[in-house]
Amino acid sequence: MANDIDLSKALNSVIQNPIPWGTIMIAGLHLVIPILGPIILLGWQRRIYEESQQGTTHTIPNVRFLDDLQYGIQPLIAVLNSLVVIIAFFVLMFVLFGCGGLGGLIVAQVSQQLAAVLVSLGAIVLYGVYIFGGIGLSLGLNVINLELQRRGNNGDIFPISQYREILWLLRHHTKAYFLTFVGILLAGLLSSVGIFFCCVGVFFTVPLSMIVSARILSQWNQSVERKLIRG
């Protein structure tokens, strides 16, 4: 049910409780650490997610460099599952291009003029498939990304293999899925607000955004578990 997701509750859990700005700043400073920094933040966010699962939303944990580095690897791999879909798309385009070229060569043995017409039409079709397919792929990946994040936080490193269950949730738990997607999107916009404060604000808004996102994902996870039990 859509009322399983309360975006205001996730936001108020940050606003209505004391914010340890020192912890937030330290978390934000990890953004300047190449490669390892974002992984550490994912691990930190995963711990916030797990604490939310246990009902703890009034405190914010400190960043633990080594522990969070190890803890952030699974969510990272889960999100990178989207690369499998992207690679599959480009492989498909390559196969279609190759088949079209081969077909053009075969037809050219009979009529070069006909081959030129067919190749031109084929190029237009392929270009359309590439443009509209790319747009659809981008939108689709943005939609399922929250499920990849949730499953990664639950320890699943290959969530894309469960695409049937993800599609089932999209069809049968649409309103809650949509609310969660909107919440994660708005939280992402929050992280960009810091750019307007001489960029230094990013070190504060990005961690705050990750906290809100983690708590929204926690609500979504609980909603999914209830939905799967009900069937």
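Quick note: numbers below take in every heavy atom, side chains included, and nothing from hydrogens, waters or symmetry partners.
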Working to the nearest 0.5 Å, report the span between [atom1] of [X] and [atom2] of [Y].
X: E51; Y: I60; atom1: CD; atom2: CD1; result: 10.0 Å
X: Q70; Y: I40; atom1: CD; atom2: CD1; result: 12.0 Å
X: L208; Y: I15; atom1: CG; atom2: CD1; result: 9.5 Å

With a 6.0 Å cut-off (strictly less than), is the heavy-atom count around [atom1] of [X], excluding the residue itself, greater than 12?
X: Q162; atom1: CD; answer: yes
X: Q222; atom1: CD; answer: yes
X: I35; atom1: CD1; answer: no
X: I157; atom1: CD1; answer: no

Indicate yes or no for a side-chain donor-acceptor contact from [X] to the backbone of [Y] under 3.5 Å, with no hydrogens or angles considered.
X: Q219; Y: D6; result: yes
X: T174; Y: L170; result: yes
X: D156; Y: F158; result: yes
X: T180; Y: A176; result: yes
X: T56; Y: S52; result: no
X: K227; Y: H172; result: yes

Ignoring hydrogens, what is the shortest heavy-atom contact between [X] and [Y]? Give both atom names and the distance.
X: A27; Y: L41; value: O-CD2, 3.2 Å
X: L217; Y: N153; value: CD1-ND2, 4.0 Å
X: A10; Y: I216; value: CB-CG1, 3.6 Å
X: N81; Y: P159; value: OD1-CD, 2.8 Å
X: P207; Y: V202; value: CD-O, 3.8 Å
X: I48; Y: A214; value: CG2-CB, 3.8 Å

Taking side chain as C-beta onward, heavy atoms only, is [X] less than 4.5 Å from [Y]?
X: Q74; Y: L42; result: no
X: W44; Y: D67; result: no
X: Q149; Y: P75; result: no
X: L80; Y: L83; result: yes
X: L7; Y: L11; result: no
X: V206; Y: L190; result: no

Residues which pass salt bridge (charged side-chain N to carboxylate O under 4.0 Å, His left out) with R46, listed by chain and number, not counting sequence neighbours: E50
Side-chain donor-acceptor contact under 3.5 Å, D68 with Q45: no
[X] with [Y], same ILVMFWY side-chain cluster at under 4.5 Å:
X: F90; Y: V95; result: no
X: V79; Y: Y163; result: no
X: I73; Y: Y71; result: no
X: L105; Y: V107; result: no
X: V32; Y: F204; result: yes

Qualifying side chain to side chain donor-acceptor pair (under 3.5 Å) pairs, either residue in residues 12-39, two or more places apart: S13-R215, T23-N62
Can you list, pair by pair, the side-chain donor-acceptor contacts under 3.5 Å of residues 123-148, counting residues two or more places apart and other chains?
| from | atom 1 | to | atom 2 | distance (Å) |
| --- | --- | --- | --- | --- |
| N142 | ND2 | S138 | O | 3.1 |
| E147 | OE1 | R150 | NH2 | 3.0 |
| E147 | OE1 | R151 | NE | 2.6 |
| E147 | OE1 | R151 | NH2 | 2.9 |
| E147 | OE2 | R150 | NE | 2.5 |
| E147 | OE2 | R150 | NH2 | 3.3 |
| E147 | OE2 | W220 | NE1 | 2.7 |

side-chain hydrogen bond (donor to acceptor under 3.5 Å, both in side chains) assessment of N221 paired with Q53: CA-CA 8 Å; N221 184 67; Q53 292 292 292; 2.7 Å; yes
Working for side-chain contact (heavy atoms from CB on, under 4.5 Å), residues I33 and F65: CA-CA 11 Å; I33 303 176; F65 190 95; 4.2 Å; yes
